[in-house]
Amino acid sequence: MDSKLIVYNTLTRQKETFKPIDEEVVGMYVCGPTVYGDAHLGHAKSYVSFDLVYRYLVHIFPKVKYVQNITDVGHLTDDADEGDDKIAKQSRLEKIDPMAVVERYMFNYFRDMDALNVRRADIYPRPSGHIPEQIEIILDLIAKGFAYEVNGSVYFDVAKYDETFDYGKLSGRSVEEMMEGAANRTLAAQSDKKNGFDFALWKRADPSHLMQWNSPWGKGFPGWHIECTVMSQKYLGDNFDIHGGGLENQFPHHECEIAQAEAHTGKAFANYWLHNNMVTINGQKMGKSLGNGIFCSELFTGDNFQLERAYSPMTIRFFILQSHYRSTLDFSNDALEAASKGFARLQKGLDRINELEASDKSTIDISSLKDSLYHAMNDDFNSPIAISKLFDSLKMVAALEAGEETITIADLELFKSLFNTFFFDILGLEVEETGTQSNEITDELMGLILDFRKAAKEQRDWGTADKIRDKLKELNIGIKDSTDGASWEFEK
RNA sequence: GGUCUCGUGGCCGAGCGGCUAGGCUGCGGUCUGCAAAACCGCCUACAGCGGUUCGAAUCCGCUCGAGACCUCCA
């Protein structure tokens, strides 16, 4: 527990000891979703990953200020689409206001993330609510000579910035390379930009554009990158600790955020950049064009042609946490089935530990379990290792149950609190309700049925005993016989 | 074409110079009237080919394969 938290910083491409600017309050900003559609498996991985980071930071630091944007001024849909942004396109499709699209999918996003037990950020700023702040910083960038206006649009002057700063330091690119790259590519569209790699801070909107605002340069809308720069700095300060996001946003989005911020303040922007990896499905990348996307809601209901059955939110969360956040995660029914079973066993461990009896000496080493758990998390949030240690501890539980090992009351309390802390607080797992709640009536009824079955067994009437068990099985009620009598539970 | 990741046993997935993670499946066993659950044991893998090293899944090179990004817009 004394060891330090190590994080992989994309900025330096290596693992570093995490040193917060202010030990009392760690600041973290994570790129949130553009809310023009439901959250899918990729969102689940991304936000569960940063939830793990958040939860662990909360665990080891006094306070964490967590900011995540909800992008409600859309970006373009894809290369083929021109003019419309993602939200505007969806708004035409659904024949509702762009902001109604935003409201709908934002609430769906929260609904799905809540199901995955993703803790809410402290602030969810939206770019449409920060237009004046964005205009302000753009004016400053123009004043400082890092931006220029052309025909009602404002662009960031990357070459100018690169004279005194280092454009490309996050993604490992250089302006020279990009110039060569651009020369080798056939870029169809001409533009108002000085250089192809300049990016928009503000775009002029034609009258048909659904979302537009007044600005010193006429009607328009903000560029995509500027929102994150403005909102992260507004709530966390010019220089803050952690900026997170998906790997695919490393370039250009995060690179541009850095350029805008550092040109604006002259100071370093985020100290640590954390990027989570993507999801593949049966070894193939998940993408709209491949038609293999799976929404969170579909995972929970099983309503997708690629799913053999529904998987509970906690199974999905556990599945995600069983791989490292910087690794790709391959989705398949077999993998989820495995996760589901493993998670069920881990859950049962909670009860088993609670039922352990203390003794006057310990023959097992709880402190080394503790060390290994914290060591795993301190090593760049290595949840798969932490989970493996929890499974290892189940072996100890079995030995204790069998009386092969003993444990003192103090060690047992430590064991309980350790297991619970990691299971609930850090990994953010929950004990799943089995769908059907038992109540007094069902308890009584089941007691009655089990009495009948017990009587049948005493008569060695195995046919009746098995029939009762089989019929209950069909109702997803499992019977377990033991030497102390039979018990039952709802199964999935 | 450029930049950068990655390729681990039937499946998923850690490790990243020596000490053969973990989960799931399968097989054997304990328990049980039979099951289920639980427990115990077994299945010794690192894409291929070279190289460095006393020693490589881990470092280097090449080949093959997969993925992300590459400034129109966002």
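Residue numbering restarts at 1 for every chain, and letters A, B, ... go by the order of the sequence lines.
For A:His324, whose side chain is taken as the heavy atoms from C-beta onward, the closest listed nucleotide among B:rC4, B:rA14, B:rG13 is B:rA14. Picking from B:rU25, B:rC11, B:rG23 the nucleotide with the shortest atom distance to the side chain of A:Phe391 gives B:rG23. Ranking B:rC39, B:rG13, B:rA38 by closeness to the A:Ser323 side chain, first place goes to B:rG13. Listed nucleotides: B:rG13, B:rC40, B:rC34. Nearest to the side chain of A:Ala398: B:rC40. Of the candidates B:rC34, B:rA14, B:rC73, the closest approach to any side-chain atom of A:Ser327 belongs to B:rA14. For A:Arg173, taking side-chain heavy atoms from C-beta onward, the closest of the listed nucleotides B:rC39, B:rC69, B:rG33 is B:rC69. Here the nucleotide nearest the side chain of A:Ile385, chosen from B:rC11, B:rA21, B:rG13, is B:rA21. Closest contact between the side chain of A:Asp466 and the listed nucleotides B:rG23, B:rC34, B:rA14 involves B:rC34. Listed candidates were B:rG23, B:rC11, B:rA68. Nearest to the side chain of A:Ser332 is B:rC11. Comparing B:rC11, B:rA38, B:rG13 against the side chain of A:Arg352 picks out B:rA38 as the nearest.
Among the heavy atoms of the strands, none lies under 4.0 Å from A:Gly478. Using a 4.0 Å heavy-atom cutoff across all strands shown, A:Arg453 reaches at least one base atom of the nucleic acid. Residue A:Asn277 is out of contact with every strand shown, counting any heavy-atom pair closer than 4.0 Å.
The pair A:Asp380-A:Arg326 counts as a salt bridge, with a side-chain nitrogen and a carboxylate oxygen less than 4.0 angstrom apart.
By the neighbour-count criterion of 12 heavy atoms within 6.0 Å, atom CZ of A:Arg13 is densely surrounded, having more than that number from other residues, nucleotides or ligands. Applying the 6.0 Å contact sphere to CD of A:Gln459 captures no more than 12 heavy atoms from other residues, nucleotides or ligands.
The aromatic ring of A:Trp462 stacks onto the base of B:rG33, its centre lying under 5.5 Å from the centre of the six-membered base ring with the two planes under 30° apart.
The NZ-P distance, from A:Lys467 to B:rA36, rounds to 22 Å in whole Å. Remark: P of B:rA66 and CG of A:Leu329 are 20 Å apart, rounded to the nearest angstrom.
Of the side-chain N and O atoms in A:Lys395, none sit less than 4.0 angstrom from OP1 or OP2 of B:rC39. In terms of phosphate contacts, A:Arg345 brings a side-chain nitrogen or oxygen within less than 4.0 Å of OP1 or OP2 of B:rC24. Side-chain N/O atoms of A:Asn249 include none lying less than 4.0 angstrom from OP1 or OP2 on B:rA68.
Ring geometry, A:Phe269 versus A:Trp273: the interplanar angle falls from 30° to 60°, so the pair is classed tilted. Ring planes of A:Tyr374 and A:Tyr56: tilted class, angle from 30 to 60°.
Comparing A:Arg460 and A:Ala399, the nucleotide of RNA chain B nearest to each residue sits closer to the 5' end for A:Arg460. Comparing A:Tyr325 and A:Ser388 along RNA chain B, the residue whose closest nucleotide (by nearest heavy atom) sits nearer the 5' end is A:Tyr325.
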